[in-house]
Amino acid sequence: MNWFTSISKGLRIDRLANVVTDSLWQANCPLCQRPADRILCKDCDRQITAYQSPEFLQKDHPITPKIPLYSWGIYDGTLKRGIAACKYENHPEIMEVIAEKIAERWKRSPDVQELTQKCKKLAVIPIPLHDSKLKSRGFNQAEILARRFCDLTAIQCAPQLLQRVKDTKAQMQTKSIQEREQNLSKAFKVPSVQVSQQTNSRSIILFDDIYTTGATIREAIATLATSKMTVCGVIVIARPQFKSQ
């Protein structure tokens, strides 16, 4: 029976080694630091999902009468914390999780089906960062979000079609609508090498993380229009929930 005892001990050691290895290599949730099977722990993932907006299409707040705004969530609570952790605590992987949630909602939304019937040859353009901010942060959260979304929806992702050429200050640092507009004036450009008959035939969806006043989005739309690119929709992770007057 010595051989059986020896094998049993060996199996127990192997199982213990696997447990130790798993615990050493298992990533922690970037929001609560508890062990997570995926990027977020189940608890934080559930808390983010709790801030999903009741309606994906923001009928009360279109960009223009012809350009709808789609917002996955409400900018508050754990969702707000997750976006901040991504941008300011170096956790770009959080965008991957949120992009999956947006893609799932996109696929099952009847409002989206109406849009895709009207707009052919869709391409997604994430709102770009200026080179100095990109170098400082190390990534553009809107581009990570857009690329993952496009992977899951089979829509073309085209970040190269829009550049940020003005190092604007954060919109939260501006004090008036006029100051916001001046801050963003001529902030973007379409690289001349990217303008072609092919891009002109594309219907564009702009992608960003947060929608507040819409000044950034409107400036990007105006810039794309100068190169005859039509924006047919805007998707964001979240917008604040404004109280009705």
Side-chain angles (χ1 to χ4, degrees), residues 30-31 40 44 47-64 67-103 105-106 124-130 133-134 136-150 157 159 162 164 166-177 179-181 183-184 187-188 204-223 231 233-243:
L31 298 183
L40 298 177
C44 288
Q47 288 180 44
I48 281 180
T49 302
Y51 284 90
Q52 179 174 291
S53 176
E55 299 293 336
F56 188 36
L57 174 63
Q58 304 297 291
K59 295 179 181 179
D60 66 321
H61 205 96
I63 306 299
T64 72
I67 304 177
L69 171 66
Y70 299 89
S71 177
W72 180 84
I74 298 165
Y75 187 56
D76 204 353
T78 308
L79 179 56
K80 183 177 181 178
R81 164 83 179 99
I83 295 170
C86 165
K87 294 162 70 172
Y88 308 121
E89 298 173 23
N90 195 30
H91 287 293
E93 68 275 15
I94 294 174
M95 289 295 106
E96 300 266 345
V97 176
I98 296 174
E100 290 171 8
K101 296 179 185 296
I102 297 174
R105 197 156 195 196
W106 171 271
V124 167
I125 298 179
I127 294 295
L129 293 181
H130 187 267
K133 187 169 287 186
L134 184 61
S136 173
R137 185 172 294 169
F139 60 89
N140 177 5
Q141 70 282 353
E143 184 171 340
I144 294 172
L145 188 76
R147 286 190 181 279
R148 182 58 179 151
F149 172 85
C150 289
C157 190
L162 189 65
R164 198 174 198 127
K166 183 178 177 182
D167 190 7
T168 56
K169 60 184 177 181
Q171 286 292 84
M172 67 181 66
Q173 296 175 8
T174 59
K175 298 178 181 178
S176 67
I177 294 174
E179 189 179 354
R180 291 187 190 103
E181 291 176 350
N183 183 43
L184 285 160
F188 303 106
I204 303 300
I205 296 175
L206 285 176
F207 235 94
D208 206 2
D209 54 355
I210 307 162
Y211 181 94
T212 50
T213 65
T216 303
I217 293 294
R218 286 193 297 272
E219 185 65 24
I221 290 171
T223 302
V231 174
V234 175
I235 301 175
V236 296
I237 297 174
R239 60 177 285 229
Q241 188 174 41
F242 299 107
K243 292 180 180 180

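Count residues from 1 along the sequence.
In the displayed structure, Glu89 atom CD is contacted under 6.0 Å by more than 12 heavy atoms of other residues, nucleotides or ligands.
Shown here are the salt bridge (charged side-chain N to carboxylate O under 4.0 Å, His left out) partners of Arg147, two or more places apart in sequence or in another chain: Glu143. The salt bridge (charged side-chain N to carboxylate O under 4.0 Å, His left out) check on Lys80 picks up nothing, with sequence neighbours excluded. For Tyr70, the ring pair (Phe, Tyr, Trp, His ring centres under 6.0 Å) criterion is met by Phe56, not counting sequence neighbours. Asp209 is linked by a salt bridge (charged side-chain N to carboxylate O under 4.0 Å, His left out) to Lys87, counting only residues two or more places apart in sequence or in another chain. Under the rule for a salt bridge (charged side-chain N to carboxylate O under 4.0 Å, His left out), the partners of Arg148 that lie at least two apart in sequence or sit in another chain are Glu96, Glu100. Annotation: side chain to side chain contact (heavy atoms under 4.5 Å, CB included) contacts of Tyr51 (sequence neighbours excluded): Asp76, Thr78, Leu79.
With a 4.5 Å cut-off on side-chain heavy atoms, Arg105 and Gln52 count as touching. Residues Tyr75 and Thr212 have side chains not in contact (no heavy-atom distance under 4.5 Å, counting atoms from C-beta outward). The closest side-chain heavy-atom distance from Thr216 to Phe188 is below 4.5 Å. Side-chain contact between Ser71 and His61: absent, with no pair of heavy atoms (C-beta onward) separated by less than 4.5 Å. Contact annotation: the side chain of Leu40 approaches that of Leu31 to within less than 4.5 Å [non-hydrogen atoms, C-beta and beyond]. You'll find the side chain of Phe139 stays beyond 4.5 Å of the side chain of Leu129, heavy atoms only. Residues Arg239 and Leu69 meet the side-chain proximity criterion, which asks for heavy atoms closer than 4.5 Å.
Heavy-atom minimum distance, Pro126 versus Val124: CD-O, 3.9 Å. A pairwise comparison of heavy atoms in Pro128 and Arg164 identifies O-NH1, 2.9 Å as the closest pair. A pairwise comparison of heavy atoms in His130 and Asp167 identifies CD2-N, 3.5 Å as the closest pair. Annotation for Pro68 and Ile63: closest pair O-CG1, 4.2 Å, computed over non-hydrogen atoms. The two residues Lys101 and Ile48 have their closest heavy-atom pair at CE-CG2, 4.2 Å.
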Please step through side-chain contact (heavy atoms from CB on, under 4.5 Å) for the pair Ile217 and Val231, ending with a clear verdict. CA-CA 10 Å; Ile217 293 294; Val231 174; over 6 Å; no

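In this structure a side-chain-to-backbone donor-acceptor pair under 3.5 Å is present from Asn140 to Ile127.
Once rounded to the nearest 0.5 Å, the distance linking CD1 of Ile237 with CD1 of Ile83 reads 4.5 Å. One finds the CD1 atom of Ile221 at 11.0 Å from the CD1 atom of Ile125 (value rounded to the nearest 0.5 Å).
Relative ring orientation between Phe207 and Phe149 is described as tilted, the plane-to-plane angle lying within the 30° to 60° band.
For the pairing with Pro30, the side chain to side chain contact (heavy atoms under 4.5 Å, CB included) check across Ile94, Asn90, Val97 returns one residue only, Ile94.
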